[in-house]
Amino acid sequence: MLKKERFRRFLDYFTSNFPEPETELHYKDPFQLLVAVVLSAQCTDKRVNMVTPALFERFPDAQSLALSNAEEIFTYIRSISYPNNKSKHLAGLGRMLVEQFGSEIPASIDELQKLPGVGRKTANVIASVVFNQPAMAVDTHVFRVSHRLGLVPKTATTPLAVEKELMKHIPTELVPKAHHWLILHGRYVCLARSPQCKICKLTPICQYYEKLQKTTVF
DNA sequence: ATCCCGAGGG
DNA sequence: CCCTCTGGAT
């Protein structure tokens with residue numbers, strides 16, 4: 001199947017069945033989303049959502065983070081992955097937002113990436129979700145699902161390469177939604193260790209499933 | 001043992 | 001390119 005056809009059917013399916021996908025991280029403003037996404041590295045959204053209510057009550061904005069320190073922040077996030085690194089990142093994040101960005105969340109990818117704990121993936125999420133820019137954040141789900149479906153070539157071995165391949169084929173206005181669609185599919189259907197092909201509606205266009213049929217003996 | 005909406009440093 | 005960070009669920 002042609003790649004163009006794969007993309008068309010992938011986008012058609014999700015446009016029809018999940019027209020308004022959203023992140024599962026809990027937040028109520030750009031600052032909270034930024035913090036939540038920084039915390040979500042190598043950690044499930046569910047666990048992040050367990051610590052953010054108390055965290056946001058104590059630190060409702062960049063100023064409060066800037067006035068605190070990594071030691072105190074650590075006590076609020078000790079139950080998630082890499083609490084030491086992330087508490088240091090958040091302390092520095094608060095300070096930089098206050099000192100260099102007037103306590104506003106910057107909109108450009110380059111400026112976002114200057115913030116401690118914010119790499120390309122997190123910067124793309126903020127640009128896409130907060131500012132509705134056509135930025136494709138490639139996390140573990142997007143990477144895996146894109147390869148399994150056959151949306152990107154095997155030579156796309158890095159998140160950046162996958163990002164560029166996806167951007168080539170997804171219409172600009174659908175990029176923010178496609179990001180969520182790939183994540184939702186990876187989280188609930190195309191699981192890393194046990195892809196649920198039996199309930200998957202995309203098997204007709206899936207490269208992984210196609211190969212699976214060839215190698216399975218009945 | 002592997003995975004989870006990765007980032008920073010060497 | 002590599003390595004380290006390193007909690008909790010499956």
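Reminder, nothing fancy here: chain letters follow the sequence lines and each chain counts from 1. Being a predicted model, the structure only gives us computed values, none of them experimental.
Between A/Glu111 and A/Lys114 no salt bridge is recorded (no basic side-chain N to carboxylate O distance below 4.0 Å). With respect to the salt-bridge test (charged N to carboxylate O, under 4.0 angstrom), the residues A/Arg120 and A/Glu163 qualify.
The listed nucleotides are B/dG8, C/dG7, B/dC5; the one nearest the side chain of A/His89 is B/dG8. Side-chain atoms of A/Ser40 lie closest to B/dC5 of the nucleotides B/dA1, C/dG7, B/dC5. Minimum atom distance to the side chain of A/Val125 is reached by B/dC5, of the listed B/dG6, B/dC5, C/dC1. When distances are taken from the side chain of A/Arg47 to each of B/dC5, C/dA9, B/dG6, the shortest belongs to C/dA9. The A/Cys43 side chain lies nearest to C/dG7 when the options are C/dT10, B/dA7, C/dG7. Side chain of A/Pro83, nearest nucleotide from B/dC5, C/dG8, C/dG7: C/dG7.
Across the P atoms, C/dT10 and B/dC5 are found 12 Å apart, a figure rounded to whole Å. Nucleotides C/dT6 and B/dG9 are separated by 15 Å at their P atoms, to the nearest Å.
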Working for side chain to side chain donor-acceptor pair (under 3.5 Å), residues A/Thr15 and A/Asp12: CA-CA 5 Å; A/Thr15 300; A/Asp12 282 355; 5.4 Å; no
Side chain to side chain donor-acceptor pair (under 3.5 Å) between A/Arg144 and A/His147: does it pass, once the steps are laid out? CA-CA 5 Å; A/Arg144 179 181 69 253; A/His147 276 290; over 6 Å; no
Apply side chain to side chain contact (heavy atoms under 4.5 Å, CB included) to the pair A/Tyr13 and A/Phe18, showing each step before the final yes or no. CA-CA 8 Å; A/Tyr13 169 75; A/Phe18 300 92; 4.1 Å; yes
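Judged by centroid separation below 5.5 Å and plane tilt below 30°, A/Tyr82 does not stack onto the base of C/dT6.
In this structure, A/Leu191 places its CG atom 11 Å from P of B/dC5, rounding to the nearest Å. Atom OH in A/Tyr27 sits roughly 16 Å away from atom P in B/dC5 (whole-Å rounding). To the nearest angstrom, C1' of B/dA7 lies 14 Å from CG of A/Asp139. The nearest whole Å value for the distance from the NZ atom in A/Lys86 to the P atom in C/dT4 is 18 Å. We find that NZ of A/Lys46 is positioned 16 Å from P of C/dG8, with the value rounded to whole Å. Distance A/His185 NE2 to B/dC4 P: 14 Å, rounded to the nearest Å. For A/Gln113 and B/dG6, the CD to P distance is 15 Å, given to the nearest whole Å.
Dashed line: the shortest gap from a side-chain N or O of A/Arg144 to OP1 or OP2 of B/dC4 is under 4.0 Å. Taking 4.0 angstrom as the limit, A/Arg193 places none of its side-chain polar atoms (N or O) nearer than this to OP1 or OP2 of C/dT10. Between A/Arg187 and B/dC5 there is a side-chain polar atom (N or O) within less than 4.0 angstrom of OP1 or OP2. Within the structure, a side-chain polar atom (N or O) of A/Asn84 is placed less than 4.0 Å from OP1 or OP2 of C/dT6. Residue A/Thr122 has a polar side-chain atom (N or O) positioned under 4.0 Å from OP1 or OP2 of B/dA7.
Between A/Phe59 and A/Tyr76, the distance separating the two ring centers is shorter than 6.0 angstrom.
Using a 4.0 Å heavy-atom cutoff across all strands shown, A/His179 reaches at least one base atom of the nucleic acid. Residue-level contact check: A/Leu33 touches neither bases nor backbone, having no heavy atom under 4.0 Å from any strand. Within 4.0 Å (heavy atoms only), A/Pro159 reaches no atom of the nucleic acid at all. When heavy atoms are screened at a 4.0 angstrom cut-off, A/Val118 is found touching the sugar-phosphate backbone but no base atom. Using a 4.0 Å heavy-atom criterion, one finds that A/Ala192 contacts the sugar-phosphate atoms exclusively. Across all strands shown, A/Ile80 has heavy atoms under 4.0 Å from sugar-phosphate atoms exclusively, and none from any base.
Nearest-nucleotide positions on DNA chain B place A/Asp45 closer to the 5' end than the other of A/Asp45 and A/Gly117. In this structure, A/Thr44 and A/Thr157 both approach DNA chain C, and ranking their closest nucleotides by distance from the 5' end singles out A/Thr157.
Using a 30° and 60° split on the angle between ring planes, A/Phe14 and A/His185 fall in the perpendicular class, above 60°.
For a distance-only test at 3.5 Å, the side chain of A/Thr140 fails to qualify as a donor-acceptor partner of the base of B/dC3.
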